[in-house]
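Only this structure's heavy atoms are used, side chains among them; waters, hydrogens and symmetry mates stay out. The chains referred to below are lettered A, B, ... by the order of the sequence lines, with proteins before strands, and numbering in each begins at 1.
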Amino acid sequence: MNERRKPYPFDWIEPKWQTIWDEQRFFHAPNPGEKNFVPAKPKFYVLDMFPYPSGAGLHVGHPEGYTATDIIARYKRLLGFNVLHPMGWDAFGLPAEQYAIKTGQHPAITTRENVAKFKTQLKRIGFSYDWEREVNTTDPAYYKWTQWIFLQIYNSWFNPETKKAEPISTYRGADPDSVRLAYVAEVAVNWCPELGTVLANEEVIDGKSEVGGFPVVRRPMRQWMLHITAFADRLLDGLEALDWADSIKALQRNWIGKSEGAEIDFKIDNRNETIRVFTTRPDTLYGATYMVLAPENSLVDEITTGEHRNSVAGYRTQIAAKSDLERTDLAKEKTGAFTGAFAINPANNEQIPIWVADYVLMGYGTGAIMGVPGHDARDLEFAQKFGLRIIPVVQAPGKTADESIGYVDDGIAINSPLLDGLTTEAAKRKITAWLEERELGRRSINYKLRDWLFSRQRYWGEPFPVVWRDGKHEALPESELPLEPPALEDFKPTGTGEPPLAKAKDWIRYSDSASRETNTMPQWAGSCWYYLRFCDPRNDQRFVGEEPERYWMGGEKPGGVDLYVGGVEHAVLHLLYARFWHKVLFDLGHVSKPEPFQRLVNQGMILGEDGRKMSKRWGNVIDPLDVIEIYGADAFRCYELFMGPLEQMKPWSMKGVEGVSRFLARVWRLIMEENQAGEWILSDEVQDVAADKSQLKVLHTTIKKVTGDIETLSFNTAISQMMILVNALTNAPAKPVSALRTLLLLLNPFAPHLTSELWETLAEKFPGAAGDITEQSWPRHDERFLVEDEIEIVLQVNGKVRDKITIALDATNAELEAAALASEKVQRSVAGQTIRKVVVVAKKLVNVVTR
RNA sequence: GCCGAUGUGGCGAAAUGGCAGACGCAACGGACUUAAAAUCCGUUGGGCUUAAACGGCCCGUGCCGGUUCGAGUCCGGCCAUCGGCACCA
């Protein structure tokens with residue numbers, strides 16, 4: 001596109017203002033006590049999920065949320081807030097390491113290059129970040145504090161009395177290592193041979209690695225774990241007071257997966273041992289006709305009797321050989337093997353067989369269940385396949401006992417001497433109390449949430465500040481932080497499960513008697529607390545200064561960050577992990593708030609023009625810089641949000657960008673015109689005249705709507721309303737400069753370059769508005785300009801519109817009714833019918849009812 | 001299977017229980033132009049009625065029912081699409 005065809009000269013306006021903003025530090029937010037800090041202003045902390053700087057650069061999906069937050073940031077500044085709006089880099093991670101393996105280039109170099117690229121792109125869009133607060137998780141000055149926080153976690157335990165994290169020194173037990181919030185355990189991990197690392201459950205999708213899609217197998221390994229499950233209840237309860245979408249809260253609740261029930265001990269027949277099971281339906285105990293142990297349950301070997309040893313061993317081998325994918329395949333039939341052993345049902349002392357089956361998972365509950373085929377779909381299927389007894393013990397409403405087999409909801413207890421006639425709820429209470437009295441069981445709560453597998457066998461991550469001595473781990477002193485990873489030539493996995501750091505023999509050797517931990521932390525670590533570091537990013541004494549933390553994370557609500565915007569893909573893990581760390585830091589007194597993020601919004605994905613997910617494969621990826629080249633950054637920003645509601649998934653459309661670009665050009669031409677020489681000069685039509693009544697009405701309607709819409713993040717309708725205003729002003733022979741200035745202010749958060757330039761141009765000819773547009777105040781609407789003397793009233797007959805009349809605003813209901821009945825069209829519609837009722841809605845409508 | 005979200009013109013989408021489709025795109029017509037682009041103005045849910053215009057009428061927000069003077073919006077029951085979890089006892 002050549003110079004002449006640009007709808008307005010964004011190509012020089014945009015770089016001009018970006019330079020001014022940078023040089024004059026317009027968007028730098030000083031901390032309390034620093035120069036230019038204004039204590040009287042309220043604070044607003046608006047945060048984006050910081051990106052992983054990949055080699056591919058930004059695509060149009062990233063800036064959607066970033067534009068939304070930037071509009072909020074600019075709007076809040078005009079409203080007189082101290083705004084914290086930072087950006088940084090979540091730069092540890094696999095791609096840079098994989099690239100290093102392929103090319104030998106150190107991940108730090110790749111990361112530096114990618115960060116530079118991302119930063120250039122973000123700056124080109126005109127975001128008002130305070131770049132002086134930029135952080136990078138791979139910077140030793142940053143991960144020093146990531147390691148420090150790990151030590152806080154390591155040096156804490158969860159006190160069940162106070163339900164809080166406390167320093168390990170307050171623990172009175174014999175073995176503190178057994179209760180630390182960071183502990184080492186031999187666990188079955190998701191080992192990915194291809195990546196040469198273990199993965200968290202969350203990083204495994206359908207038995208394959210989330211990154212790369214490589215096969216993942218189960219394998220026991222010694223791993224660092226974080227005891228997040230201790231906080232399950234608080235993570236659950238804390239959701240209540242947060243302004244998050246219900247759907248996101250539901251995802252977290254679902255992930256935590258709290259279920260209440262009972263543990264029940266079944267005595268093994270002829271042995272002095274019991275099998276403990278967890279059930280949410282203790283009321284169905286009389287219907288428990290068999291038990292099942294998970295194949296990995298260590299009791300299996302002990303109890304299996306002679307003639308069944310071969311079949312059980314065979315079954316367990318067969319299951320062990322299966323991948324996770326095969327095991328969780330729902331379509332398959334139930335399988336299992338009888339152990340030959342029996343247990344005693346504590347309710348009725350009946351002997352019931354003990355089976356092994358893979359539909360019972362070792363990782364949930366106790367790794368054993370009581371089989372109640374009458375009222376559990378899985379147990380029913382299993383019992384039917386293996387011919388086990390099925391007893392109905394809960395009667396479904398309106399059904400016979402036999403018809404109630406397979407009924408899994410609440411009903412009335414039957415065939416249960418102690419419980420007969422009780423509702424499910426009452427029966428649960430009674431049987432639990434009965435079991436507790438006899439010490440055969442107890443109330444119990446189970447969670448799906450597992451402890452967080454926190455170690456990775458990688459190079460490009462934070463090393464653990466831990467050394468091993470005589471087989472025991474101990475923390476490094478704080479003075480040795482940051483602990484930097486060793487320089488390596490070869491980043492390849494060792495293939496044995498030993499991390500790449502194991503290759504750095506000198507580095508590992510800490511002293512004659514101690515050696516360093518060679519695992520590194522997962523990528524989640526750095527992002528668990530970056531929002532805190534932004535408050536005080538250059539502090540080298542503390543992970544965040546107390547005063548900046550209290551100021552920026554302050555406020556009346558429990559969460560400190562006022563608005564957090566990012567992709568829904570982080571709805572569970574990142575947000576749960578960050579909340580967990582935050583609660584530990586809160587308990588230990590390091591931060592002032594119990595929750596990190598008060599209001600959370602997930603932006604929807606942007607699809608390609610073909611309606612498919614953007615991907616290289618479809619060739620439908622849109623590069624923001626290509627769009628900006630043709631239409632400018634302001635048009636790009638506006639289109640990102642004009643497309644539709646922020647949270648919705650929606651397809652990209654270049655035609656749509658063009659439409660928005662036309663709108664901005666119309667704004668430009670409201671104020672500017674081309675002279676004979678083809679130069680843009682201030683238009684003669686811009687005059688210092690008062691806006692007329694209709695202009696004032698649309699202007700103030702726009703102020704009101706845009707303000708309300710920004711608050712609710714309804715940016716698409718805010719832009720629509722500004723289009724209406726511009727359309728209304730376009731044909732005015734004289735453009736009142738006051739109205740234009742208001743328009744520019746309203747549009748400024750959306751199109752900051754264009755409006756800055758026009759504001760400056762207006763100021764040259766029309767005095768009275770000193771300073772840059774970003775230094776002005778947000779306009780307020782005046783209700784007086786919205787009301788009219790006369791108002792249009794809709795006349796309905798039986799709910800259908802028949803006529804419209806214009807009538808005085810203050811017309812009484814009686815006058816409205818009279819006017820409606822006088823309408824010729826209404827009379828025609830009601831002719832020959834009896835009027836039964838007339839509904840009058842003041843200032844809106846009159847409905848004449850004849851039925 | 002469970003949980004959640006969504007369903008409105010040719011397309012992206014608007015609509016405190018009160019005129020369905022604002023605004024934008026696309027399309028069509030007009031003005032300007034030698035011409036095109038750009039720009040400006042106008043038309044645009046479907047159908048019936050009418051020679052045409054004006055006017056009038058009917059239908060229409062995934063489907064079926066309900067509440068209401070009045071339902072895209074509230075309630076009940078389905079269907080479809082997308083997302084999450086998934087043998088979680």
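Among B/A89, B/G84, B/C85, the nucleotide with an atom closest to any side-chain atom of A/Y364 is B/A89. Between B/G12, B/G18, B/C19, one nucleotide has an atom nearer to the side chain of A/V839 than all others, and that is B/G18. For A/R669, counting side-chain heavy atoms from C-beta on, the closest listed nucleotide (B/G24, B/U39, B/A20) is B/U39. Listed nucleotides B/C85, B/A89, B/C69 differ in distance to A/W255; the shortest reach to its side chain belongs to B/C85. Of all nucleotides listed (B/G4, B/A89, B/A13), B/A13 comes nearest to the side chain of A/K650. Distance from the side chain of A/K825 is smallest to B/G56 among B/G56, B/C69, B/C40. Relative to the side chain of A/T717, the nucleotides B/C19, B/A14, B/U39 differ in distance, and B/A14 lies closest. In the set B/A26, B/G12, B/G84, the nucleotide with an atom closest to the side chain of A/N254 is B/G84. Here the side chain of A/D376 is nearest to one of B/A13, B/A89, B/C19, namely B/A89. Comparing atom distances between the A/F642 side chain and each of B/G84, B/C82, B/C23 picks out B/C23 as nearest.
Contacts of A/I724 with the nucleic acid, taken as non-hydrogen atoms under 4.0 Å apart, involve only primed sugar atoms and P, OP1 or OP2. Within the 4.0 angstrom heavy-atom criterion, only backbone atoms of the sugar-phosphate kind lie near A/T280; the bases stay farther away. At the heavy-atom level, A/V801 lies under 4.0 Å from the strands shown only through sugar-phosphate atoms. Across all strands, A/N727 comes closer than 4.0 Å only to sugar-phosphate atoms, never to a base (heavy-atom distances). Among the protein residues, A/E381 comes within range of no part of the nucleic acid, since none of its heavy atoms lies under 4.0 Å from any strand. In this structure, A/K655 reaches the sugar-phosphate backbone alone: every heavy-atom distance under 4.0 Å involves primed, P, OP1 or OP2 atoms, never a base. Residue A/N446 is out of contact with every strand shown, counting any heavy-atom pair closer than 4.0 Å.
Pairing for B/U6 goes to B/A80, judged as Watson-Crick or G-U wobble with the two contacts each under 3.5 Å. B/A37 is unpaired under the Watson-Crick or G-U wobble criterion, no partner having all donor-acceptor distances under 3.5 Å. Nucleotide B/G1: paired with B/C85 (Watson-Crick or G-U wobble, both distances less than 3.5 Å). Across all strands shown, B/C11 is found opposite B/G24 as a Watson-Crick or G-U wobble partner, with both distances under 3.5 Å. Nucleotide B/G55 has B/U49 as its partner under the Watson-Crick or G-U criteria, with both atom distances under 3.5 Å.
For A/V660 and A/R828, each mapped to the nucleotide of RNA chain B holding its nearest heavy atom, the one lying further toward the 5' end belongs to A/V660. Looking at which nucleotide of RNA chain B each of A/M643 and A/G656 is closest to, the 5′-most match is held by A/M643.
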Apply salt bridge (Lys or Arg N to Asp or Glu O under 4.0 Å) to the pair A/D265 and A/R442, showing each step before the final yes or no. CA-CA 9 Å; A/D265 297 331; A/R442 63 218 56 82; 3.1 Å; yes
Apply ring pair (Phe, Tyr, Trp, His ring centres under 6.0 Å) to the pair A/F382 and A/Y290, showing each step before the final yes or no. CA-CA 10 Å; A/F382 189 78; A/Y290 66 98; 5.5 Å; yes
Salt bridge (Lys or Arg N to Asp or Glu O under 4.0 Å) between A/K804 and A/E792, intermediate numbers included: CA-CA 7 Å; A/K804 292 167 194 177; A/E792 193 178 66; 5.1 Å; no
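Between A/R612 and B/C82 there is no side-chain polar atom (N or O) within less than 4.0 angstrom of OP1 or OP2. Applying the 4.0 Å criterion to OP1 and OP2 of B/G12, one finds that A/N716 has every side-chain N and O outside that range. Between B/C19 and A/R802, no contact under 4.0 Å exists linking OP1 or OP2 to a side-chain N or O. Using a 4.0 Å cut-off, no side-chain N or O of A/N847 falls inside it from OP1 or OP2 of B/U68. Distances shorter than 4.0 Å separate some side-chain N or O of A/S259 from OP1 or OP2 on B/A89. Phosphate proximity of B/C19 to A/K843: absent, as no side-chain N or O sits under 4.0 Å from OP1 or OP2. Dashed line: the shortest gap from a side-chain N or O of A/Q648 to OP1 or OP2 of B/A13 is under 4.0 Å. Between A/R662 and the phosphate of B/C25, there is a side-chain N or O to OP1/OP2 separation shorter than 4.0 Å.
The environment of NZ in A/K613 is sparse: at most 12 heavy-atom neighbours from other residues, nucleotides or ligands sit within 6.0 Å.
A donor atom on one side chain and an acceptor atom on the other are not found under 3.5 Å apart for A/N345 and A/Y286. For the 3.5 Å distance criterion, the side chains of A/S259 and A/N446 fail to qualify, holding no donor opposite an acceptor.
Between B/A20 and B/G70, the distance separating the two P atoms is 15 Å to the nearest Å. The same atom, C1', is picked in B/G56 and in B/G4; the two are 47 Å apart, to the nearest Å. The gap from the P atom of B/A31 to that of B/G24 amounts to 23 Å, rounded to the nearest Å. Here, B/G30 and B/C19 have their C1' atoms 29 Å apart, quoted to the whole Å. A distance of about 13 Å separates the C1' atoms of B/G7 and B/A13, rounded to the whole Å. Of the P atoms belonging to B/G9 and B/A86, the separation is 36 Å, rounded to the nearest Å. Nucleotides B/G66 and B/C58 are separated by 24 Å at their C1' atoms, to the nearest Å. The P atoms of B/G1 and B/C69 are separated by 40 Å, rounded to the nearest whole Å.
The interatomic distance linking A/E647 (CD) with B/G12 (P) rounds to 19 Å, in whole Å. When the P atom of B/G24 is taken as reference, atom CG of A/L664 falls 13 Å away, rounded to whole Å. Residue A/L845 contributes atom CG, which lies 10 Å from atom C1' of B/C69 at whole-angstrom precision. Atom CG in A/N798 sits about 15 Å away from atom C1' in B/G18, given to the nearest Å. Remark: P of B/C2 and NZ of A/K258 are 24 Å apart, rounded to the nearest angstrom. The separation between A/I622 atom CD1 and B/G12 atom P is 16 Å, rounded to whole Å.
Separation of atoms CD1 (A/I354) and CD1 (A/I275) is listed at 3.5 Å; rounding is to 0.5 Å.
Remark: the A/Q721 side chain and the B/C23 base include no donor-acceptor N/O pair separated by less than 3.5 Å. With hydrogens and angles ignored, a donor-acceptor pair under 3.5 angstrom links the side chain of A/S720 to the base of B/A22. With hydrogens and angles ignored, a donor-acceptor pair under 3.5 angstrom links the side chain of A/K804 to the base of B/C19.
Of the options A/L664, A/L747, A/V667, a side chain to side chain contact (heavy atoms under 4.5 Å, CB included) to A/D634 is made by A/L664 and by none of the others.
Classification of the A/Y639-A/W652 ring pair by plane angle, with boundaries at 30° and 60°, yields perpendicular. The aromatic rings of A/Y8 and A/F10 stand perpendicular to each other, their planes meeting at an angle above 60°, with 30° marking the opposite boundary.
Base orientation of B/G9: syn (glycosidic angle within 90° of 0).
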